[in-house]
Amino acid sequence: MSLIEQASRAIGDARELALACHIGPDGDALGSMLGLGIAAQTAGKKVVASFGSPYVVPGNLSFLPTELLVAPEDFPKNPETMVVLDAGSADRLGELAVNAKAAATVVVIDHHVTNQGFGDIPLVDPDAAATGELVAMILDSLRWPITPKIATCLHTAIVTDTGRFQYTNTRPETLTLAARLVAAGAQPDEISRHVYEEAPFGYLKAAGAALSRAELDEELSLVTTFITQDDLTSAGIDWGDIDNLINTIRLAQEADSAVIAKVHDDGRVKISMRSRGATDVGALAAELGGGGHRLAAGFTYNGDVAGALNEIRTRIGRYR
Ligand code: 5GP
Ligand code: MN
């Protein structure tokens, strides 16, 4: 049996499903999880969905149908069937990694190239542009219909992980699926408006602070900057509001790679990296304990910004 068939069977046979996606969820994490969750609920299953703390839905994704979401502390402790979406490794689940360990069956649906295959049924396809593509294949295999709500979730997953169908991961199949989702009721104009065309005013202030600190290292073909909890607090915004900021940093045409360091108050620095193509930032992130894709990846560093950026600078030449 193929992994798609195994995953579909485990999901289709379950009476109750507990779904989880990666911490700090993006459009693919939430969209693929909620799309699958709503489809399963429509098929008569008892479904809950969650992600590890901080348990905050990013503002630009709060238009998604979030009624299945429960706080991580209310997530089943010993789920019969747990489905993990868009997480490249178990530690990306935050505190819900414990629940996954205690689950009878864990189905993993993911597309990260750094995913080494965890869980009982690891449906991992790095060729899929988004985890949402794999969810659509599961729904088709179970003959579960795609309602407008599900279409909205899956279209959001695909739009965000392909950068609006601009990244190299966009395949003919991706566009064919997007067309199907629009026919099924997804509204691309509304999705794009929420995700890309609006932000709280404070975003401008926080982005301004981060952009004013950007540094270009021409030798390493690297642009870097950082943003702190203080920047966000004074602007009245949250971490989930700055997910798109890396897209402005990486505009610098002199640099192949772009890095933003997100400095949390607890001594952790969350690194987001992007590459124009010459640098395998996924492999670099994996060496530093994180992961992702060839051209978009991240890791967490315990220490200060200078230390985190130094880890990158001393290694990046090896990933070109
Ligand atoms: P972002 O920079 O948007 O947070 O993440 C870019 C990509 O790298 C996403 O696919 C995300 O799932 C992945 N990623 C970010 N941080 C980590 C991390 O700490 N560990 C792993 N395994 N993947 C990460
Ligand atoms: Mn994804």
Side-chain angles (χ1 to χ4, degrees), residues 1-22 25 27-51 64-70 75-76 79-87 93 99-100 103-112 115 117-159 161 171-186:
M1 232 196 311
S2 71
L3 281 164
I4 280 276
E5 287 166 341
Q6 290 180 48
S8 303
R9 183 166 298 185
I11 291 167
D13 287 351
R15 215 170 46 82
E16 299 185 4
L17 288 170
L19 313 182
C21 65
H22 66 73
D28 188 28
L30 277 175
S32 62
M33 177 170 77
L34 296 173
L36 176 63
I38 293 167
Q41 190 185 43
T42 310
K45 311 209 178 280
K46 193 174 161 229
V47 184
V48 292
S50 189
F51 53 90
L64 289 172
T66 52
E67 57 268 13
L68 292 175
L69 287 182
V70 298
F75 195 82
E80 189 64 35
T81 308
M82 180 160 166
V83 186
V84 173
L85 296 114
D86 203 39
L93 292 172
N99 307 58
T105 304
V106 176
V107 180
V108 172
I109 308 175
D110 185 40
H111 67 134
H112 289 94
N115 192 320
F118 63 104
D120 304 297
I121 305 175
L123 171 59
V124 181
D125 180 2
D127 290 331
T131 299
E133 278 192 13
L134 300 171
V135 167
M137 289 170 75
I138 288 177
L139 302 194
D140 288 348
S141 127
L142 289 168
R143 296 176 201 280
W144 285 356
I146 295 183
T147 62
K149 256 192 200 182
I150 298 167
T152 300
C153 293
L154 298 184
H155 197 76
T156 301
I158 291 164
V159 165
D161 263 27
R171 309 182 286 177
E173 296 93 310
T174 316
L175 296 163
T176 304
L177 174 59
R180 255 184 84 197
L181 296 173
V182 173

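Positions are given from 1 along the sequence.
Side-chain contact between Asp110 and Leu85: absent, with no pair of heavy atoms (C-beta onward) separated by less than 4.5 Å. Cys153 is listed as a side-chain neighbour of Ile38, based on a closest heavy-atom distance under 4.5 Å. Using a 4.5 Å heavy-atom cutoff, the side chains of Val84 and Val106 are in contact. Side-chain contact between Ile150 and Leu139 is present, with at least one heavy-atom pair separated by less than 4.5 Å. Here the side chains of Ile158 and Leu181 are in contact, with some heavy-atom distance below 4.5 Å. Annotation: side chain of Leu36 is in contact with side chain of Leu19 (closest heavy-atom distance under 4.5 Å). Between Asp140 and Ile138 there is no side-chain heavy-atom pair separated by less than 4.5 Å. Counting heavy atoms from C-beta outward, Leu68 and Gln41 have side chains that approach closer than 4.5 Å.
Under a 3.5 Å cut-off, the side chain of Thr66 and the backbone N or O of Leu69 do not form any donor-acceptor pair. Formation of a donor-acceptor pair under 3.5 Å by the Asn99 side chain with backbone atoms of Pro76 is found in this model. Remark: side-chain polar atoms of Lys45 are not paired, donor with acceptor, to backbone N or O of Leu17 under 3.5 angstrom. A donor-acceptor pair under 3.5 Å is absent between the side-chain atoms of Asp86 and the main chain of Thr131, judged by distance alone.
Between Arg171 and Glu133, at least one side-chain N (NZ, or NE/NH1/NH2) sits under 4.0 Å from a carboxylate O, which counts as a salt bridge.
Nearest heavy-atom pair across Gly132 and Ala157 is CA-CB, 4.0 Å. Nearest heavy atoms, Ala40 versus Trp144: CA-CZ3, 3.5 Å. Across all their heavy atoms, Val70 and Ser50 have their closest contact at O-OG, 2.7 Å. In terms of heavy atoms, Asp120 sits closest to Ala104 at OD2-O, 3.8 Å. Here the closest heavy-atom approach between residue Arg180 and residue Ile146 is recorded as NH2-CD1, 3.6 Å. Here the shortest heavy-atom pairing between Ala103 and Met82 reads CB-CB, 3.9 Å.
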- [ ] May I have the step-by-step check of side-chain contact (heavy atoms from CB on, under 4.5 Å) for Leu30 and Phe51, ending in yes or no?
- [x] CA-CA 9 Å; Leu30 277 175; Phe51 53 90; 4.1 Å; yes
Open item on the list: Test side-chain contact (heavy atoms from CB on, under 4.5 Å) on Ile121 and Leu3; report intermediate values, then the result.
Closed with: CA-CA 7 Å; Ile121 305 175; Leu3 281 164; 4.1 Å; yes
Open item on the list: Determine whether Val47 and Glu16 satisfy the following criterion, side-chain contact (heavy atoms from CB on, under 4.5 Å), listing intermediate values before the conclusion.
Closed with: CA-CA 6 Å; Val47 184; Glu16 299 185 4; over 6 Å; no
- [ ] Could you please spell out the steps behind the side-chain contact (heavy atoms from CB on, under 4.5 Å) verdict for Val108 and Phe118?
- [x] CA-CA 7 Å; Val108 172; Phe118 63 104; 3.6 Å; yes
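Residue pairs meeting the side chain to side chain donor-acceptor pair (under 3.5 Å) criterion with at least one member in residues 146-157, sequence neighbours excluded: Glu67-Lys149.
Within a 6.0 Å radius of CD in Glu80, no more than 12 heavy atoms belonging to other residues, nucleotides or ligands are found.
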Side-chain donor/acceptor pairs under 3.5 Å, residues 6-13, sequence neighbours excluded:
residue : atom : partner : partner atom : Å
Gln6    : NE2  : Met1    : O            : 3.1
Ser8    : OG   : Ile4    : O            : 2.7
Ser8    : OG   : Ser141  : OG           : 2.7

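With 3.5 Å as the limit, one finds no donor-acceptor pair spanning the side chains of His111 and Asp127.
Here CG of Leu142 is found 11.0 Å from CD of Glu5. Values are rounded to the nearest 0.5 Å.
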